[in-house]
There are 2 protein chains.
Amino acid sequence: MDLRKLRYFLTVADEKNLGRAAALLHISQPPLTRQIHQLEDELGVQLFNRTPKGMELTEAGYLLAKESRNIFALVQQASEKTQRASQGRLGRLDVAVFGSGVLDTIPRLLLKFKSDYPEVKVVLHTMEKEEQIQALRQHRISLGFNRMLKPLPDITSELVNRESLLLAVNANSPLATQPVIKFKELANHPMVLFASSGRPNFVDKVMSLCYSAGFTPEITQEVGDVVTGVALVASGFGVCLVSKSGSTLSLPGVVYREIEDMPKDATIDLSCVYRTGDNSKLLASFLSCLQEFKELNADTNTTTP
Amino acid sequence: MDLRKLRYFLTVADEKNLGRAAALLHISQPPLTRQIHQLEDELGVQLFNRTPKGMELTEAGYLLAKESRNIFALVQQASEKTQRASQGRLGRLDVAVFGSGVLDTIPRLLLKFKSDYPEVKVVLHTMEKEEQIQALRQHRISLGFNRMLKPLPDITSELVNRESLLLAVNANSPLATQPVIKFKELANHPMVLFASSGRPNFVDKVMSLCYSAGFTPEITQEVGDVVTGVALVASGFGVCLVSKSGSTLSLPGVVYREIEDMPKDATIDLSCVYRTGDNSKLLASFLSCLQEFKELNADTNTTTP
DNA sequence: GACAGGTCATTCAAAAAAGGTATCAACCGA
DNA sequence: TCGGTTGATACCTTTTTTGAATGACCTGTC
């Protein structure tokens, strides 16, 4: 039972006449007769009652006609879906996220992607840096978002955006009312730091900034993610340096302040990573969307130089 | 894109190797190579990445593989369903019912049919006698249940069962307390009669019974169906002759009584009707079920001679 | 009641499609 | 570098499908 026979069958079922059906199918009548007979023999079922007026569906034939239409709809769909998939417009993209990127940039990027490629299902996984690399290598994910990545030959990384750092301060702290905060003042305040596994990480970055400024920070607590860090600030554990994205987190008792003389290199990059040479069309779609996203954000940034 | 190509494609997708797939398909490798290429050309989509290790599905190929499995499942199902339909075990049977038959006999019969042929969907339509004949001729229904049918050449009728008549009496009537009721006594009591359209009908039957017994009944009201008739008995309109099936209707204030000297021919037949020469397998299934049903009921009847 | 005009079924040769054998080119690991 | 693997290609054979002509049957008409 192949699709040709079914198509022939459906045409005869519609026309109720072998001659007309054959004409519609651009074949002559005898082969059509034979194909119908073959289909009947194969199923062991009489599909038509032959009358002097033409071909009349039996109950079984009627059912098969109905089922056949479903089959053709599915085949048509399969063909179209396959074509869309080949263009990177349909499918599933497994993406790993972690850290403060999920608070602002990544949601906006994903929103744009969903609107540009509505038929691509994005599945998010929360994974730390090292885990992401491993998952990429095992093809469990196609894309990861993270910060502070060291270069690797089999993993390509692309900058998503670069953010300056802000200081999360407890509202009761004198720093909260102070008009201007200087970087060196942090030496006098206990500090909360968050850092995911894997070097280099955010702790390394902050420590080196402080050393450059000539002091050693007093670390009261190290935590695993921004949210916990800011929560500790709210509880009075101390101050905490966070990315601009991180400052979208608003907790009672926490305010964010700029530091006046923040070093120019005191920025933190959000990057995305993927397998070097991955020629997945879905990934290509995503990266092209990311490119547009960056250009869009560059435009809005230039308005505030 | 026919099913052979899809089957070949799926095998290659599973094996990830043309040689092994060809062996499984009992063909040699070169034609398989060609079929896969043809499928790719037809869709305009690369389905595999050829590597020195074998054939690796692309994203589009992966999707097509998934869809193909659905297609094969549907094809398999269509084939099986068609075969069951050809044996009269699957499909839809439109059945018309009317009158007191629906109160007892027909539900029991349908229950048996549903249990014998669970995949046949029985659709019930309420139609009077004449309407049923018309609907049969227009192929809107395949079967009708009715009483008192006159023979027709294009409609075959088959007896379902034969029931005696009972008298529905208002509980306050003297007849209700009387130990024995004689048929002639009906002359002294007003009577409710129900009759569907089309001759001969139940009214004709009762009238002729009364004339034979030597009296003319006093008809207080004619109604269209049993339920209404018995309801009027409950309201004190008079007595009403009903079939035994009809007496399963219990309304407050109504009791059913036998008539001692009921004439032997005072019975009423429930028949089913269908198009003469209808060779529908579903109908055949139903009629064979009906036959068994009648034998079953005959058995239970013989226990009370 | 013969006949014209429809229906589907059958026959046989031609065309098209699928399959098979032998061979090639590329890659990989020993 | 050299077997052993992979998929691709060329050429021929077999099978399947098709087409033109024709047959068999029914129906409504004259």
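First the proteins, then the strands, lettered A, B, ... as listed; each starts at 1.
Looking at heavy-atom distances under 4.0 Å, E56(B) makes no contact with the nucleic acid at all.
Evaluation of atom-type donor-acceptor distances gives a pair under 3.5 Å for the side chain of R34(A) against the base of dG19(D). Below the 3.5 angstrom threshold, one finds a donor paired with an acceptor across the side chain of Q29(A) and the base of dA9(C).
Here dA18(C) presents its P atom at 13 Å from CG of L3(B), a figure rounded to the nearest Å. Rounded to whole Å, atom P of dT6(D) lies 15 Å from atom CZ of F48(B). dG7(D) atom C1' lies 13 Å from atom CG of N49(B), rounded to whole Å. Rounded to a whole Å, the CD atom of E42(A) is 14 Å from the C1' atom of dT16(D). As a whole-Å value, the separation of I36(A) CD1 from dA9(C) P is 9 Å. Look at CD on E40(B): it is 12 Å from C1' on dG7(D), rounded to the nearest Å. Atom CD in Q46(A) sits roughly 14 Å away from atom P in dC8(C) (whole-Å rounding). In this structure, CG of N17(A) is placed 12 Å from P of dA9(C), rounded to the nearest angstrom.
Taking the six-membered ring for Trp and the full ring otherwise, F145(A) and F98(A) have centroids separated by 6.0 Å or more. The ring of Y117(A) has its center no closer than 6.0 angstrom to the ring center of F286(A).
When distances run from any side-chain atom of R20(B) to the nucleotides dT10(C), dG7(D), dT6(D), the shortest one goes to dT6(D). Relative to the side chain of R4(B), the nucleotides dG7(D), dC8(C), dG19(C) differ in distance, and dG19(C) lies closest. Which of dA18(C), dT18(D), dT21(C) sits closest to the side chain of P30(B) comes down to dT21(C). Which of dA18(C), dG19(D), dC8(C) sits closest to the side chain of K5(B) comes down to dA18(C).
Place Y8(A) and R50(B) on DNA chain D by their nearest nucleotides, and R50(B) ends up nearer the 5' end. Nearest-nucleotide positions on DNA chain C place P31(A) closer to the 5' end than the other of S28(B) and P31(A).
The side chain of K53(A) places no N or O atom within less than 4.0 Å of a non-bridging phosphate oxygen (OP1 or OP2) of dC8(C). Close to dG19(C), at under 4.0 Å from its OP1 or OP2, lies a side-chain N or O of Q35(B).
When all heavy atoms are compared, the tightest approach of L283(A) to S142(A) is CD1-O, 3.8 Å.
At a threshold of 4.0 Å, the pair R50(A)-E40(A) counts as salt-bridged, since one of the basic side-chain nitrogens sits closer than that to a carboxylate oxygen. Using a cutoff of 4.0 Å between basic side-chain nitrogens and carboxylate oxygens, E292(B) and K112(B) are scored as salt-bridged.
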